[in-house]
Amino acid sequence: MARPTKALIDIGALKSNYAFSLEKAGGKCMPMVKANGYGHGMDNICYALENADAFGVASIEEAIEIRSLGIMVPILLLEGTFSADEILVAEKYDFWLLIENHRQKHDLIKAPIKKPLNLWLGVDTGLHRLGFHPSEISSVYRDLMSSKKMKRTSVLASHFASADQPNNAAITQQLKKFDDAYARVEVPPNHHMERSIANSAAILSLPTSYLEWQRPGYMLYGNSPFPYENLHEGLQPVMHFMSAVTSIRKINSGESVGYSATWTAKRKSIIATVAVGYGDGYPRHAPNNTPVLIGGKRQFLAGRVSMDMITIDITDEPGIEIGDMVTLWGPDLPVNEIARFCNTNGYELLSGITSRVPRIPINQ
Ligand SMILES: *Cc1c(COP(=O)(O)O)cnc(C)c1O
């Protein structure tokens, strides 16, 4: 008794992808677990990767969620604090902060905290979203040092705009700006500045980006960060998003299926209804002919995705029965491929899985 919609989370695959990332780029590893572990469930991911050097999250709420699981791995707030009161919370829980703008820097210098914090300094090398201008980094570092709010070891960090296009000239330009900014910082004796710039795409394709810290995200979940690839050798998809056939009907040629009648049968057809929809995170934009797997074979979407159901043309596979399992994406149907049908990327599809879908850890 249960709606058959679920996401199996392959913990063995996750650990194998993590080992692959470590082996590839070396250094210390900060798995990105923001957005509920890219939709896989914060608990599943953080328990499995408890020996990581640190986790990266988007907000203090996500960081507190990890601590409430009893996990004491260091956690970096990748956007720093959104308001000054969060600095006191960060001190209490020992969170690490990215400092990336002057407002955050001033808040920290004024904050009534007793211990210095682990800080990452964000430098904007070309994404133009977060970070200090490269020319400001040395003075920001000096201000934070003299404030005594920064531990002796800090990290200079930046983020690529186009690492998923390995031949893009912008990548080398960003690396050069990053090196220049690093060279300008005067680090006193007994202090250290480490560096971090590599995301998944850089870990897989850009050895010059391998510095003291790597920050893999999407690749840990087993998918290729390169949109032109479905899978990447050495990585195993972690999520198997599935449901089951719950109803089957025959329709005549000329009859249509689903809201707004966007699919019309060109022959006598058999339609299977599957219990998954955009209320679960299956993309409403998925067009007619987006594939699913039933019994290991591809069948195709017919009609618009609704909130709780989709409809599949199974005319050529009349043996399919109510109760048969259906794969929406997973090891045998890459999420990148479904994303291409929907004009988006797999990151959006994975992180869009909604809370009503049970995440079930397997291969622990
Ligand atoms: C999300 C994120 C990453 C990971 O990116 P992937 O492409 O998923 O590897 C790395 N660094 C920062 C700052 C991020 O926000």
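Order of listing sets the numbers, starting from 1, for every ligand and every atom in it. Residue numbers count from 1 along this sequence. Values in this document were obtained by computation on a predicted structure and should not be read as measured data.
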**Q** Ion pair present between D308 and R356, side-chain N to carboxylate O less than 4.0 angstrom?
**A**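 Looking at D308 and R356, the cut-off is met.
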**Q** Between ligand 1 and the protein, which N/O pairs are shorter than 3.5 Å?
**A**
from	atom 1	to	atom 2	distance (Å)
ligand 1	7 (O)	Y347	OH	2.6
ligand 1	8 (O)	Y38	OH	2.6
ligand 1	8 (O)	Y218	N	2.8
ligand 1	9 (O)	S200	N	2.8
ligand 1	9 (O)	S200	OG	2.5
ligand 1	9 (O)	G217	N	3.0
ligand 1	11 (N)	R215	NE	2.9
ligand 1	11 (N)	R215	NH2	3.2
ligand 1	15 (O)	K34	NZ	2.6

**Q** How far apart are the C-alpha atoms of H102 and F132, what are their side-chain angles, what is the distance that settles it, and do they pass the ring-ring contact (aromatic ring centres under 6.0 Å, His included) test?
**A** CA-CA 8 Å; H102 289 282; F132 294 100; 5.0 Å; yes
**Q** Measure the acute angle between the ring planes of Y347 and Y38, then classify it against the limits of 30° and 60° as parallel, tilted or perpendicular.
**A**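 Aromatic pair Y347/Y38 classed tilted.
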**Q** Check this for me, if you would: do R298 and E337 make a salt bridge, where the nitrogen-to-carboxylate-oxygen distance has to be below 4.0 angstrom?
**A**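 Result for this pair is yes, salt bridge flagged.
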**Q** For A181 and V123, work out which heavy atoms get closest and say how close.
**A**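 Shortest heavy-atom contact: CB-CG2, 4.1 Å.
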**Q** Cut-off 3.5 Å, no hydrogens considered: what does the side-chain donor-acceptor table look like for residues 182-192, sequence neighbours left out?
**A**
from	atom 1	to	atom 2	distance (Å)
Y182	OH	M193	O	3.2
R184	NH1	P134	O	3.1
H191	ND1	P189	O	3.4

